[in-house]
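The analysis underlying the following values was restricted to heavy atoms, covering all of them including side chains, and did not include hydrogens, waters or symmetry mates. Nothing here was measured: the structure is a model prediction, and the numbers come from that model. In this chain, numbering begins with 1 at the start of the sequence shown.
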Amino acid sequence: MAKIVDQYIEIAKKRNPGEPEFHQTVEEVLTSIEPVLEAHPEYIESGLVERLIEPERGISFRVVWTDDNGKVQVNRGYRYEFNSALGPYKGGLRFAANVYPGIIKFLGFEQIFKNSLTGLPIGGGKGGADFDPAGKSEAEIMRFCQSFMQALYRYIGPDIDVPAGDMGVGGREIGYLFGEYRRLKGVFENGVLTGKGFSYGGSRIRPEATGFGSVYYLQNVLAHEGEDIAGKTIACAGFGNVTWGICKKAMHLGAKVVTLSGPDGYIYDPDGVVTEEKINYMLEMNASRRNRVQDYADKFGVEFFPGEKPFGRKVDIVMPCAMQNDVHMESAEKIVANGIKYYIEVANMPTTNDALYFMMDQPGMIVAPSKAVNAGGVAVSGLEMSQNAERLAWTAEEVDAKLRHIMVNIHKASMEAAEECGLGYNLVAGANIAGFKKVADAMKAEGWEFASHTWGHKDVAATSLDDLKRDDKKWKKYVAPILGETDMIIFAFGADIGSWEGYSADNEKYEFYKSQGYRYFCNVDSSQYFVQITDDYFRQGRRNLDGYRMYYNPEMLSDLFDVSEVWDSSRPTPVPGM
């Protein structure tokens with residue numbers, strides 16, 4: 001089974017070269033769900049895993065805007081809609097200079113399982129742009145957001161895809177994006193974006209939700225170990241919205257955050273970020289866009305460590321909240337050397353895989369994964385969608401109670417999934433397994449168990465030309481008359497096959513598409529004959545393609561493959577991704 005998982009990882013790498021963040025999250029998730037794949041071979045046979053690691057739709061677009069000097073600027077925007085088996089795509093937008101497809105895909109792939117864990121009817125997606133809001137004026141940010149939405153609006157909607165904020169996209173940006181969407185569509189669909197201001201359809205405690213939810217999850221972990229959060233010291237990395245929420249909730253529960261960090265270094269406050277003045281000052285730091293944690297040290301007279309990270313501090317709990325791959329092996333070794341029992345990921349994939357596995361292997365150390373810990377943010381976004389749909393506005397107490405309940409259930413589902421697979425209290429594997437199973441079961445129930453672009457008897461094996469050449473009679477009768485420049489041929493079972501142009505069926509491509517769950521396709525001279533269908537063809541709607549004709553011969557198929565049952569082409573066929 002490990003070999004099969006390795007094959008899936010290699011598929012992801014080959015199809016997405018130069019995208020290490022995406023490769024990393026695919027490896028982490030698929031390694032965890034190996035026991036489930038062993039117990040459910042139908043997931044492999046149906047090509048379900050391959051479909052999970054391939055977005056249902058990926059959009060790349062230019063964003064043209066004008067800066068304050070009147071100069072035209074061009075950025076690139078993205079939206080990857082990964083999986084909609086549970087509901088409309090849901091996930092944030094990230095505006096940062098380092099945004100490229102690999103980062104958006106890693107975030108979107110993680111979002112599938114994170115959203116699944118919430119128990120809410122939302123699928124997974126993610127988007128963003130290589131635009132850095134730092135140093136930009138209010139007017140420049142507004143113009144960029146408006147141009148971004150002009151490209152994106154046609155692909156989103158309350159029942160299609162519901163973006164939200166992420167790094168570089170806060171309430172201000174969401175407001176600009178929503179305003180432009182409303183102007184473009186001429187409707188007030190406030191369920192199209194979440195993270196909105198309360199005055200126009202946002203939810204109470206949405207800004208605090210990720211931080212609050214992280215602390216609620218931590219409470220469940222501590223309770224499992226017979227401990228309480230009161231009196232605990234916490235080392236946080238980052239000082240943004242998420243860390244602010246953690247500081248606020250920890251203070252209310254009697255714990256204290258003693259470190260904050262930024263690109264310039266970290267601060268150590270032994271008294272903790274435990275006063276309203278300190279917590280409110282974090283909001284001022286964020287609003288300033290200076291991105292300097294040293295400002296906190298200057299304001300409150302605490303130690304500042306330039307160019308360093310806070311993971312060498314001896315505390316009770318470490319909660320990295322900054323960005324992906326912030327914790328490398330060097331930091332992990334310091335955390336372990338300090339005897340820290342609780343490593344609670346908060347930022348999306350904040351730990352390199354080697355550092356993660358190293359800490360998971362430490363006796364008595366508990367590691368909690370970000371996709372479970374930080375799910376409170378998207379959970380309250382889902383609750384915002386519910387309020388928008390019902391034209392209601394819940395109180396902060398109502399939203400907080402629902403958030404707390406969701407985080408209890410996420411911890412419980414992760415714990416039970418790990419135990420069911422004999423993995424003990426492995427929260428990393430448990431979260432991946434619980435999230436995966438719900439999505440997989442939904443895909444199966446919706447008719448995706450066997451790829452809908454496969455026709456004919458599902459037990460027929462692929463046949464190579466070398467095999468056919470051994471049967472001279474069949475070769476001359478069926479193959480030779482239609483053979484084009486190709487190394488491999490499999491005949492299609494169906495009368496509604498779409499165009500797959502531009503591929504020669506060399507052995508590598510054949511093996512790849514076979515591993516993807518494709519069983520029958522006709523890859524002959526593609527200037528004359530239909531070839532294997534693509535998902536894009538279905539999503540764009542069935543249409544006639546000029547210059548192609550169908551080669552469909554039931555007698556040939558039955559004779560060639562020794563199959564008595566040939567699919568009735570008049571039967572309706574389920575369509576993936578619609």
Worksheet entry | ring pair (Phe, Tyr, Trp, His ring centres under 6.0 Å) partners of residues 400-422, not counting sequence neighbours, each pair once | Y217-H411, H411-Y425
Discussion item. How close do T243 and A237 get, counting heavy atoms only, and between which atoms?
Written reply: OG1-O, 3.7 Å
Compile the donor-acceptor pairs under 3.5 Å between side chains in residues 353-360 and protein atoms, sequence neighbours left out, one pair per line.
{"unit_1": "N353", "atom_1": "ND2", "unit_2": "Q24", "atom_2": "O", "d": "3.2"}
{"unit_1": "D354", "atom_1": "OD1", "unit_2": "T352", "atom_2": "OG1", "d": "2.5"}

Worksheet item: In chain order, what residues pass the salt bridge (Lys or Arg N to Asp or Glu O under 4.0 Å) check against D161, with sequence neighbours excluded?
Response: R79
Item to complete: With sequence neighbours excluded, tell me which residues meet salt bridge (Lys or Arg N to Asp or Glu O under 4.0 Å) with E345.
Response: none
Practice prompt. Not counting sequence neighbours, which residues clear side-chain hydrogen bond (donor to acceptor under 3.5 Å, both in side chains) with E19? List them please.
Written response: K105
Show me the side-chain donor-acceptor pairs of residues 413-423 shorter than 3.5 Å, one per line, residues at least two apart or across chains.
{"unit_1": "S414", "atom_1": "OG", "unit_2": "I410", "atom_2": "O", "d": "2.9"}
{"unit_1": "E416", "atom_1": "OE2", "unit_2": "K412", "atom_2": "NZ", "d": "2.8"}

Discussion item. Suppose we call two aromatic rings close when their centres sit under 6.0 Å apart. Are F131 and F148 close by that rule?
Written reply: no
Practice prompt. Would you check if the distance from the ring center of Y200 to the ring center of F188 is below 6.0 Å?
Written response: no
Item to complete: Taking atom types as modelled, find out whether T194 and K90 have a side-chain donor-acceptor pair closer than 3.5 angstrom.
Response: yes
Practice prompt. Using the test side-chain hydrogen bond (donor to acceptor under 3.5 Å, both in side chains), find all partners of N388 that sit at least two apart in sequence or belong to another chain.
Written response: K196
Discussion item. Going by the rule ring pair (Phe, Tyr, Trp, His ring centres under 6.0 Å), which residues pair with H23 if we only count those two or more places apart in sequence or in a different chain?
Written reply: none
Fill in: T395 (side chain) donor-acceptor with E398 (main chain) under 3.5 angstrom
yes
Practice prompt. Apply ring pair (Phe, Tyr, Trp, His ring centres under 6.0 Å) to Y78 and list each qualifying residue two or more places apart in sequence or on a separate chain.
Written response: none
Only distances under 3.5 Å count here; give the side-chain donor-acceptor pairs of residues 281-289 to other protein atoms, sequence neighbours excluded, each with its distance to 0.1 Å.
{"unit_1": "N286", "atom_1": "ND2", "unit_2": "F239", "atom_2": "O", "d": "3.3"}
{"unit_1": "N286", "atom_1": "ND2", "unit_2": "M282", "atom_2": "O", "d": "3.3"}
{"unit_1": "S288", "atom_1": "OG", "unit_2": "M285", "atom_2": "O", "d": "2.7"}
{"unit_1": "S288", "atom_1": "OG", "unit_2": "R290", "atom_2": "N", "d": "3.2"}
{"unit_1": "R289", "atom_1": "NH2", "unit_2": "E173", "atom_2": "OE2", "d": "3.2"}

Worksheet item: Taking only residues two or more places apart in sequence, or in another chain, which ones meet K314 in a salt bridge (Lys or Arg N to Asp or Glu O under 4.0 Å)?
Response: none
Worksheet item: Does a side chain donor of either D400 or Y216 reach within less than 3.5 Å of an acceptor in the other side chain?
Response: yes
Worksheet, complete the sentence: Contacts of K371 meeting salt bridge (Lys or Arg N to Asp or Glu O under 4.0 Å) (sequence neighbours excluded), chain-then-number -> E28, E110
